[in-house]
Structure formats: C-alpha cells, structure tokens
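Here the structure comes first, spelled out in structure tokens, and everything after it is commentary.
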Amino acid sequence: MEIMATALRRYFDESGFGEDGGYASDWVDFKLGPLPFPLPNTEARKRAVRFHDLHHVLTGYRTDLTGEFEISAWEIGAGCGDFHAAWVLNLSGMTGGLLTAPVRTWRAFVRGLDEQSTYGRDYEALLERNVEDLRAELGIGAGPHRAGLGAALRFAAAITAGAVVGSLMMLVLVSPITLALWSRGRRAKAQALAATP
C-alpha cells in the first residue's frame, strides 16, 4: 500500500514539477492556454500549494487547465480553512472553470461539498498516511454526490466572488510592474543556470 509521500513524489515526476514540486521557486507560471502568466510564489501560496498538491493525489484531478479548474472548485466546496491564498486562487480558478468546463466545474464543487480537504491538518503526518486510508477518512470518492438549492446558491456566491477576485488578480498579474519583476527574475534564473558548471 502506497503512502502519501511516495504518491506525491510520483505526482511531481508525472507532472514535471521537479523534485520539490517547485516550492522553492520565486515565481511560478500559470498557463492560460498557451500564455504563461507569472505568479509570485509567495509564502502564503507556498503554505497552501503543499496541501493543494496532496488534493491532486487524493482526488485524481489532473494538472492540465481543466483539472486545475476542477480542483479549484473541489477545494472551494471542501473548504480551504484559513489559507487565504487558496481561497483567492481557487475562487479565480473556479470562475475560469465555469467559462471553459461548466459541467465539470459544477460536479467538482458538489463533490467537494461532500468531501473534506486536508487544509489545516499536520502536513508531515499526512505524508506518512496510507493513500487509501486517508481517502476513506476524508470521504473522497465515496459518492454519489447530489446537489440541491443550497449547493446551487453556494456555487453562485462562489462564482460571483471569483469573478471579482479573478478580475483584480488579472489586473495585478498583467501590470507593467509585475511583468518587469517577472522578466528580471527570468533573466537572473537564466544567468544562474548558465553560470552553473
């Protein structure tokens, strides 16, 4: 039986994220189709993304664009605790999912309402857990998931909040200052790689 640490390493390899999942990078690229959008890898994002990656392992959602939108909706449904970066990124992602894959985004949200996230738990202890045991404890994959009026109202509220948050985030990400900082970071990284023997 596989433990989470082993499954996470395999997930990093299969996704091309590098040995540490890219957690140490100063910037990450969020690809919207063929266009990479620079995203500063803040401490708040680093704190949240470790759990986010565990959720990919546990739920099976992929790391392509639609999969990221689905897991955003799932995490909003399941809850992100006091991880503010997760709320911001997931609300934006869920709204993007409504535009590109509305049925899959809705299903992921409803599924999340019935399942639990790992946000706020002891991360190191989670890594030692058996994957299937942890899925069972969190109710992941137990289905079927049915939604009523309450779920529809919560979905509508999340989409509305996501549209506002996502619009503000895009304004920041494509600002000249952000793009200049990202470009400078890219050049410094390329120079460091070129200088490495």
Side-chain angles (χ1 to χ4, degrees), residues 4-5 7-8 11 15 21 23 28 30 39 41-169:
M4 287 297 295
L8 187 65
Y11 160 79
S15 302
Y23 299 163
V28 294
F30 174 75
L39 188 67
N41 199 16
T42 63
E43 289 305 315
R45 183 190 176 278
K46 289 176 186 178
R47 178 178 175 245
V49 77
R50 299 179 313 150
F51 294 95
H52 175 85
D53 287 337
L54 294 182
H55 296 152
H56 274 288
V57 170
L58 291 165
T59 63
Y61 289 122
R62 297 168 45 143
T63 57
D64 60 6
L65 187 62
T66 301
E68 289 296 345
F69 289 158
E70 285 177 303
I71 201 158
S72 290
W74 182 87
E75 288 190 355
I76 292 296
C80 302
D82 67 347
F83 289 71
H84 302 112
W87 284 108
V88 168
L89 294 170
N90 286 329
L91 284 169
S92 302
M94 186 174 163
T95 303
L98 181 67
L99 299 174
T100 61
V103 173
R104 288 172 65 173
T105 301
W106 164 251
R107 286 182 184 153
F109 175 76
V110 170
R111 177 183 172 188
L113 291 175
D114 289 342
E115 299 174 353
Q116 296 176 49
S117 77
T118 63
Y119 284 118
R121 295 175 182 247
D122 182 335
Y123 179 77
E124 296 302 324
L126 289 170
L127 292 177
E128 299 306 316
R129 295 289 305 277
N130 173 279
V131 175
E132 292 307 319
D133 289 347
L134 186 55
R135 279 186 182 129
E137 180 183 316
L138 300 173
I140 294 176
H145 308 287
R146 291 198 167 86
L149 178 60
L153 292 174
R154 289 171 73 177
F155 186 78
I159 291 298
T160 302
V164 172
V165 169
S167 297
L168 292 173
M169 200 164 106

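Computed from a prediction, not measured in an experiment: that's the story for all the values here. Heads up: numbering here begins at 1 and tracks the sequence.
Scanning both residues, F109 and M94, for their nearest heavy atoms gives CD1-CE, 3.5 Å. Residues A142 and E115 approach most closely at N-OE2, 4.2 Å, considering heavy atoms. For A163 against T95, the heavy-atom pair with the smallest separation is N-OG1, 3.4 Å. The two residues S117 and G79 make their nearest non-hydrogen contact at OG-O, 2.8 Å. When all heavy atoms are compared, the tightest approach of R62 to H56 is O-CE1, 3.1 Å. Nearest approach of P102 to T100, heavy atoms of both residues: CD-C, 3.7 Å.
Relative orientation of the F51 and F83 rings is perpendicular, given thresholds of 30° and 60° on the angle between their planes.
Counting heavy atoms from C-beta outward, T63 and Y11 have side chains that approach closer than 4.5 Å. The closest side-chain heavy-atom distance from H145 to V110 is below 4.5 Å. Inter-residue side-chain proximity for R121 and L138 is flagged as met; some heavy-atom pair is nearer than 4.5 Å.
Atom OG in S92 sits 9.5 Å away from atom CZ in F69 (nearest 0.5 Å). Atom CZ of R154 and atom CG of L113 lie 5.0 Å apart (nearest 0.5 Å). A distance of 9.5 Å separates CE of M4 from CG of D53, quoted to the nearest 0.5 Å. To the nearest 0.5 angstrom, H84 atom NE2 is 13.0 Å from L89 atom CG.
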Any chance you could lay out the side chain to side chain contact (heavy atoms under 4.5 Å, CB included) test for L58 and T118, step after step, and finish with the verdict?
-> CA-CA 10 Å; L58 291 165; T118 63; 3.9 Å; yes

Give the C-alpha distance, both sets of side-chain angles, the deciding distance and a yes or no for side chain to side chain contact (heavy atoms under 4.5 Å, CB included) between L127 and E124.
-> CA-CA 5 Å; L127 292 177; E124 296 302 324; 3.8 Å; yes

Are E75 and Y119 close enough, and set up right, to give a side chain to side chain contact (heavy atoms under 4.5 Å, CB included), and what steps lead you there?
-> CA-CA 9 Å; E75 288 190 355; Y119 284 118; 2.7 Å; yes

Go through the steps to decide whether L54 and Y123 satisfy the test side chain to side chain contact (heavy atoms under 4.5 Å, CB included), and finish with yes or no.
-> CA-CA 9 Å; L54 294 182; Y123 179 77; 3.6 Å; yes

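A salt bridge is defined here as a Lys NZ or Arg NE, NH1 or NH2 lying under 4.0 Å from an Asp or Glu carboxylate O, and R47 with D82 meets this definition.
Residues satisfying the ring pair (Phe, Tyr, Trp, His ring centres under 6.0 Å) test with W106, not counting sequence neighbours, are F155. Applying the side chain to side chain contact (heavy atoms under 4.5 Å, CB included) test to T59 and every residue at least two apart in sequence or in another chain returns Y61, I71, W74, R111, I140.
More than 12 heavy atoms of other shown residues, nucleotides or ligands fall within 6.0 angstrom of atom CZ in R129.
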